[in-house]
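Labels below follow one simple rule: chain letters A, B, ... track the order of the sequence lines, proteins then strands, and each chain is numbered from 1.
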Amino acid sequence: MSAGASWFARGCLAVAHDLIGCELLVDGVGGTVVECEAYARDEPASHAFPGPTQRNASMFGPAGRLYVYRSYGIHWMLNIVCGEQEGAGEAVLIRALQPTTGLELMRARRGRDAELELCRGPGRLGQALAIGPGLDGEPVGAGRVAFDPGRPSGPVEQSTRIGITRARELPWRFSLAGSPYVSPTRRSRSA
DNA sequence: GGTATGATTGACT
DNA sequence: GTCAATCATACCA
């Protein structure tokens with residue numbers, strides 16, 4: 001069943017890697033994680049890099065909780081706090097899910113997207129799962145957020161993170177190789 | 001107090 | 001391929 005907070009009380013890289021293939025449900029809606037990215041404390045791409053602020057407060061809280069924030073004024077991003085000890089300032093960004101539960105609700109929330117596009121990309125995922133400020137700090141594996149550890153159905157691919165401008169070289173993005181539910185790699189910001 | 005920026009997406013040329 | 005939408009936070013004056 002649900003794993004305790006201890007599952008997330010590890011380094012963000014290990015958590016991000018193991019997260020592929022796990023099942024995540026918010027209010028009974030969700031699916032299998034197929035893509036995520038790790039964010040540590042001491043790298044400039046991370047929200048934790050500048051130190052604790054009001055926005056990223058959850059990132060410095062106990063592991064196994066959600067860190068939710070708004071990006072570009074429009075999208076809600078879903079993260080899970082991790083780290084070997086509380087206050088580590090590490091988190092994993094959930095970038096894409098393979099929808100398994102609550103398909104109808106997701107479709108209703110997002111319009112009439114194909115199943116493939118319901119949760120492909122962090123912004124879409126946030127919309128499909130109705131992520132909002134009320135979920136910030138919510139414990140994972142209890143209450144509104146269900147979590148089941150699982151194993152990936154295929155090889156896990158490691159690559160560079162997407163959509164960031166700093167520390168782009170760190171290969172901290174994990175995805176299920178060959179999965180059509182993984183967000184397409186945008187190359188507009190390539191150097 | 002004012003301005004620049006972002007872990008994105010969707011629409012348009 | 002290029003650009004607008006949209007707003008809280010960060011940083012400078």
Under 4.0 angstrom between A:R95 side-chain N/O and B:dT8 OP1 or OP2: yes

Sugar-phosphate, base or nothing in reach of A:R110, heavy atoms under 4.0 Å: sugar-phosphate

Gap between atoms CD and P, on A:E117 and B:dA11 respectively (whole Å): 11 Å

Partner nucleotide, any strand, of C:dC3 [Watson-Crick/G-U, under 3.5 Å]: B:dG10

Ring-on-base stacking C:dA5 with A:Y72 (under 5.5 Å, under 30°): no

A:H75 side-chain N/O to B:dA7 phosphate OP1/OP2 under 4.0 Å: no

Length of the CZ-P vector between A:R55 and B:dG6, whole Å: 11 Å

Base of B:dA7 paired with side chain of A:Y69 (donor-acceptor, under 3.5 Å): yes

pair A:W172-A:S46: side-chain heavy atoms closer than 4.5 Å: no

Among B:dT9, C:dA10, B:dA7, the nucleotide that comes nearest once only the side chain of A:I164 is considered: B:dA7

Of the listed nucleotides C:dT9, B:dT9, C:dA5, the one nearest the side chain of A:I74: C:dA5

d(CZ, A:R161; P, B:dG6) in whole Å: 14 Å

Of A:S183, A:S159, A:S175, A:S179, the residue whose pairing with A:E35 passes side chain to side chain donor-acceptor pair (under 3.5 Å): A:S183

N/O (side chain, A:T165) to phosphate O (OP1/OP2, B:dT5) under 4.0 Å: no

Between C1' of C:dT9 and CH2 of A:W76, the distance in whole Å: 13 Å

Rounded P spacing from C:dA4 to B:dA4 in Å: 15 Å

Identity of whatever pairs with B:dG1 - Watson-Crick or G-U, under 3.5 angstrom: C:dC12

side-chain N/O A:R70 vs C:dA8 OP1/OP2, d < 4.0 Å: yes

Touch class at under 4.0 angstrom, heavy-atom based, for A:G73 against every strand present: base

Touch class at under 4.0 angstrom, heavy-atom based, for A:S46 against every strand present: nothing

Between B:dG6 (P) and A:N56 (CG): distance, integer Å: 16 Å

Nearest-Å distance for atom pair CG/C1', residues A:D113 and B:dG10: 11 Å

A:F174 and A:H17 aromatic ring geometry - parallel, tilted or perpendicular at 30°/60° bounds: perpendicular

A:R124 vs B:dG10: side-chain N/O to OP1/OP2 distance below 4.0 Å: yes

Hydrophobic cluster membership, A:L25 vs A:V68, 4.5 Å side-chain cutoff: no

Electrostatic pair A:R120-A:D113, nearest N-O below 4.0 angstrom: no

Length of the line joining A:L118:CG and B:dT9:C1', which is rounded to integer Å: 15 Å

Stepwise side chain to side chain contact (heavy atoms under 4.5 Å, CB included) test for A:L129 and A:W76: CA-CA 10 Å; A:L129 270 58; A:W76 290 97; over 6 Å; no

Value in whole Å for how far the C1' atom of C:dT6 lies from CE of A:M77: 13 Å

